[in-house]
Amino acid sequence: MYIYDSVKKKKLPFEPIVPRKASIYVCGPTVYDDAHLGHARSSLSFDLLVRTLKALRYDVTMVKNFTDIDDKIIKKVQETGQSLEEITTHYIERYLEDMRALGVQENDIEPKATESLEAMESMIQNLIDKDIAYVVNSGDVYFDTSKDTNYGSISHQVGSDENNQSRVEHNSQKRNPKDFALWKACNGDDDICFDTAFSRGRPGWHIECSAMIEKHFEGSDEYSIDIHGGGADLLFPHHENEASQSRCATGHELAKYWMHNGFVNINGEKMSKSLGNSFFVKDALKVYDGEVLRNYLISVHYRNDFNFNEEDLLNSKKRLDKLYRVKKRIVPTKASKPNKKFQKSVMEAMSDDLNISVALALVEEMISDANDKLDSNPKDKGLKKETLANIEFLDELLGFGGKEPFSYFQIGIDEETKSKIESLIEQRSEAKKAKDYQKSDTIRDEITAMGISLMDTSDGTLWEKI
RNA sequence: GGCGACAUCGCCAAGUGGUAAGGCCGCAGCCUGCAAAGCUGCUAUCCCCAGUUCGAAUCUGGGUGUCGCCUCCA
């Protein structure tokens with residue numbers, strides 16, 4: 001397995017801390033709203049990583065957190081009058097529901113910030129004791145970035161303060177402009193706060209990940225985990241700060257490898273809350289099946305930006321259609337073993353920093369080859385069994401192709417419409433038998449107008465939703 | 001102002017020194033009553049300039065363009 005490390009900026013062989021084991025932590029969502037396509041893309045990127053590592057027989061531990069205490073959530077509490085728990089529970093459920101629809105495998109541990117307060121408190125206290133963190137008058141606790149000589153080694157983004165015209169707010173209580181809050185003191189009666197030795201308040205954004213990693217992974221003398229992942233926008237400052245506080249608290253580096261997925265763009269612009277062009281997963285799922293959406297969102301390499309548009313989505317749906325069409329030709333049958341060469345080359349592609357494009361090209365080749373052979377020998381049992389096994393292998397590794405093929409082409413068609421289609425097809429077959437082609441074509445036009453495409457085969461007339 | 005990424009056929013997209021994968025679209029053909037599906041064939045020299053090299057889309061330097069991070073963000 002080769003992984004592109006976005007800190008070292010090169011592709012490296014994956015050599016885990018403990019041989020054959022892979023410990024992964026990915027930054028999850030702040031749960032104050034529904035999941036958008038960016039969340040989906042991130043989840044899918046790391047889902048492919050986990051599936052690939054599992055296929056390579058690694059013992060994977062995947063941890064992904066929920067940030068369930070934060071300014072935006074508190075704002076929502078104040079606006080809606082609902083409790084923090086009501087809001088976060090709702091959006092966590094919604095998030096998991098959407099990710100399930102996209103075929104994202106369950107994570108091993110999904111810790112919540114509110115359930116990790118002790119771990120955070122002890123890490124902050126540790127940093128205060130070492131005089132790396134400091135408490136200011138308000139009760140806020142800041143991390144002194146000047147105490148970490150390696151600060152900046154993650155994002156490579158520390159300029160001198162003079163020529164740094166960043167938009168970081170000026171806060172006179174900070175010792176250095178780059179210092180960040182580990183703990184925010186309670187801010188009024190309607191704030192949501194927790195008691196600690198240093199002040200009543202709530203955690204800053206970065207500390208939860210560091211604390212959870214220490215809580216849930218054993219680590220080694222050199223690293224806490226193998227892989228730390230997240231969206232590209234988290235590299236700075238979030239991951240820089242996480243790495244720094246962990247380094248200072250534990251005396252070793254946080255992660256051996258860092259992976260960052262690219263953005264989802266809408267019309268060439270980053271999709272973001274502030275631009276108001278967010279696209280919720282639930283809205284996309286109203287129009288497209290989860291598997292179609294998944295197949296589309298994984299079709300571009302995880303590090304590239306992803307330009308979401310309907311035309312490309314339909315293009316990728318056509319590729320999935322082809323897979324299910326060949327599957328229609330081979331069922332019912334029992335799977336044997338996947339083709340060795342096919343399996344090996346797909347694994348090689350995915351082992352190369354998740355090169356999905358090459359993997360999908362191999363899938364096309366496999367489909368084309370199977371169709372070709374079925375054309376000349378439609379009853380080739382061995383081929384059918386192997387092809388089905390190939391598809392089952394793909395379903396396990398890439399997460400698509402697992403549906404029953406006939407129903408795949410009937411998603412979203414109700415029973416009433418189905419029986420109407422069947423009856424029209426019956427009428428058309430009779431017209432055809434009577435060589436009344438004018439009538440049969442009229443019926444086909446009628447069916448086409450319903451959004452259904454017909455295929456006359458030796459096994460009778462098949463239909464698909466267009 | 002600081003830091004960084006990317007630029008390959010009409011569109012999407014691989015390729016990281018040895019002479020351009022794959023998909024969509026299009027065209028031609030086979031098959032079909034006609035279609036659809038499937039199959040076969042055809043379609044690029046890689047933003048520009050200079051350099052390194054026997055050889056570069058791939059390395060170096062300089063341009064141009066697009067996007068991102070530095071503020072909550074996947």
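Each chain gets a letter, A, B and so on, in the order the sequences are listed, and its residues count up from 1. It should be emphasised that the depicted structure is a prediction, and the values quoted were computed from it without experimental measurement.
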Practice task
Between B:A74, B:A21, B:G38, spot the one nearest the side chain of A:Ser357, thanks.
Solution key: B:A21
Exercise for the section: Ignoring the backbone of A:Gln157, work out which of B:C69, B:A14, B:G38 is nearest its side chain. Expected result: B:C69
Handout entry: Aromatic centroids of A:Tyr142 and A:Phe180 separated by under 6.0 Å
Key = no
Handout entry: Pair A:His206 + A:His239: ring centers closer than 6.0 Å
Key = no
Practice task
Assert yes or no for the condition that the ring centre distance of A:Phe280 to A:His36 is strictly below 6.0 Å.
Solution key: no
Exercise for the section: Could you measure between the two C1' atoms, the one in B:C11 and the one in B:G68, and give it in whole Å? Expected result: 24 Å
Handout entry: Distance in angstrom units between A:Asp321 CG and B:A36 P, rounded
Key = 16 Å
Handout entry: Who pairs with B:U32 - Watson-Crick or G-U, where each distance is under 3.5 Å
Key = none
Practice task
May I ask you to check whether the SG atoms of A:Cys27 and A:Cys209 are separated by less than 2.5 Å?
Solution key: no
Completion exercise
Ranking A:Met271 and A:Val300 by the position along RNA chain B of their nearest nucleotide, the one closer to 5' is A:Val300
Exercise for the section: For the side chain of A:Ala361, starting at C-beta, report the closest nucleotide among B:C67, B:A13, B:A21. Expected result: B:A21
Exercise for the section: Specify the residues of residues 451-458 of chain A, ordered by number, for which at least one heavy atom lies under 4.0 angstrom from an atom of RNA chain B. Expected result: A:Ser453, A:Leu454, A:Met455, A:Asp456
Practice task
Is it possible for you to check whether A:Lys270 lies under 6.0 Å from the centre of the six-membered ring of A:Phe263, through NZ or CZ, and within 45° of that ring's axis?
Solution key: yes
Problem - Distance test, side-chain N/O of A:Lys318 to OP1/OP2 of B:C12, below 4.0 Å - result: no
Practice task
Select base, sugar-phosphate, or nothing to describe what A:Gly28 touches, counting heavy atoms under 4.0 Å on all strands.
Solution key: sugar-phosphate
Handout entry: Opposite nucleotide pairing with B:U58, Watson-Crick or G-U, both atom distances under 3.5 Å
Key = none
Handout entry: A:Asn307 vs B:C12: side-chain N/O to OP1/OP2 distance below 4.0 Å
Key = no
Practice task
Measure from CZ on A:Phe308 to P on B:A74 and round the result to the nearest Å.
Solution key: 18 Å
Problem - Comparing A:Glu364 and A:Lys432 on RNA chain B - which has the more 5′ nearest nucleotide - result: A:Glu364
Problem - Heavy-atom closest contact (A:Gly231 atom, A:Ser42 atom, distance) - result: N-OG, 4.4 Å
Exercise for the section: Would you jot down, in residue-number order, the residues of residues 365-387 of chain A having a non-hydrogen atom under 4.0 Å from RNA chain B? Expected result: A:Ser368, A:Asn371, A:Asp372, A:Asp375
Problem - d(CG, A:Asp47; P, B:A74) in whole Å - result: 18 Å
Exercise for the section: Using whole Å, report how far CZ of A:Arg329 lies from C1' of B:A36. Expected result: 13 Å
Problem - C1' atoms of B:A20 and B:A44, separation to the nearest Å - result: 8 Å
Problem - Nearest-angstrom distance, P atom, B:C67 to B:A13 - result: 16 Å
Completion exercise
Any strand, both distances under 3.5 Å, Watson-Crick or G-U wobble: B:A20 pairs with none
Practice task
Could you work out the separation of B:C47 and B:G41 based on their C1' atoms and round it to a whole Å?
Solution key: 32 Å
Practice task
Would you mind classifying the nucleic acid contact of A:Gly231 as base, sugar-phosphate or nothing, using non-hydrogen atoms under 4.0 angstrom?
Solution key: sugar-phosphate
Practice task
Taking the six-membered ring for Trp and the full ring for Phe, Tyr or His, determine whether the centres of A:Tyr296 and A:Phe306 are under 6.0 Å apart.
Solution key: yes
Exercise for the section: Consider the side chain of A:His301, meaning its heavy atoms from C-beta on, and name the nucleotide among B:G4, B:A14, B:C11 that approaches it most closely. Expected result: B:A14
Practice task
Measure from CG on A:Leu320 to P on B:C12 and round the result to the nearest Å.
Solution key: 21 Å
Fill in the blank from the handout: Among the nucleotides B:G22, B:G33, B:A74, whichever has the atom closest to the side chain of A:Asp441 is B:G33
Exercise for the section: Give A:Arg444 one of three labels, base, sugar-phosphate or nothing, depending on what nucleic acid heavy atoms sit under 4.0 Å from its own. Expected result: base
Problem - Spacing of CD belonging to A:Glu291 relative to NZ belonging to A:Lys317, to within rounding of 0.5 Å - result: 10.5 Å
Handout entry: Heavy-atom pair of closest approach, residues A:Glu242 and A:Ser210
Key = O-OG, 3.1 Å
Exercise for the section: Take atom C1' in B:U58 and the same atom in B:U8, then report the distance between them in whole Å. Expected result: 11 Å
Practice task
Can you measure from CG (A:Asp70) to CZ (A:Arg202) and round to the nearest 0.5 angstrom?
Solution key: 7.5 Å
Exercise for the section: Please confirm whether any donor atom in the side chain of A:His260 sits under 3.5 Å from an acceptor in the base of B:A74, or the reverse. Expected result: no
Practice task
Go through the steps for A:Arg329 and A:Asp375 under the test salt bridge (Lys or Arg N to Asp or Glu O under 4.0 Å), then give the verdict.
Solution key: CA-CA 10 Å; A:Arg329 300 182 74 175; A:Asp375 278 354; 2.9 Å; yes
Exercise for the section: Give the nucleotide from the list B:A21, B:C70, B:C24 with an atom nearest to the side chain of A:Phe236. Expected result: B:C70
Practice task
Considering only atom P, compute the distance from B:C9 to B:A28 and round it to an integer number of Å.
Solution key: 25 Å
Handout entry: Pairing of A:Arg175 and A:Asp144 as salt bridge, 4.0 angstrom limit
Key = yes
Exercise for the section: Start with the C-alpha gap between A:Arg325 and A:Glu464, add the side-chain angles, then the distance that decides, and say whether salt bridge (Lys or Arg N to Asp or Glu O under 4.0 Å) holds. Expected result: CA-CA 10 Å; A:Arg325 277 199 200 102; A:Glu464 294 181 356; 2.9 Å; yes
Practice task
Figure out the CG/P separation between A:Asp305 and B:C12, and round it to whole Å.
Solution key: 13 Å
Exercise for the section: Provide the distance between the two P atoms, one in B:G26 and one in B:G10, to the nearest whole Å. Expected result: 16 Å
Problem - N or O in side chain of A:Lys270 less than 4.0 angstrom from B:C69 OP1/OP2 - result: yes
Exercise for the section: Scan every strand shown for a Watson-Crick or G-U wobble partner of B:A5, both distances under 3.5 Å, and answer none if you come up empty. Expected result: B:U66
Handout entry: Nearest-nucleotide pick for A:Phe263, side chain only, options being B:G23, B:G68, B:A13
Key = B:G68
Exercise for the section: Please measure how far the C1' atom in B:A7 lies from the corresponding atom in B:C46, and state the result in whole Å. Expected result: 10 Å
Exercise for the section: Select base, sugar-phosphate, or nothing to describe what A:Arg319 touches, counting heavy atoms under 4.0 Å on all strands. Expected result: base
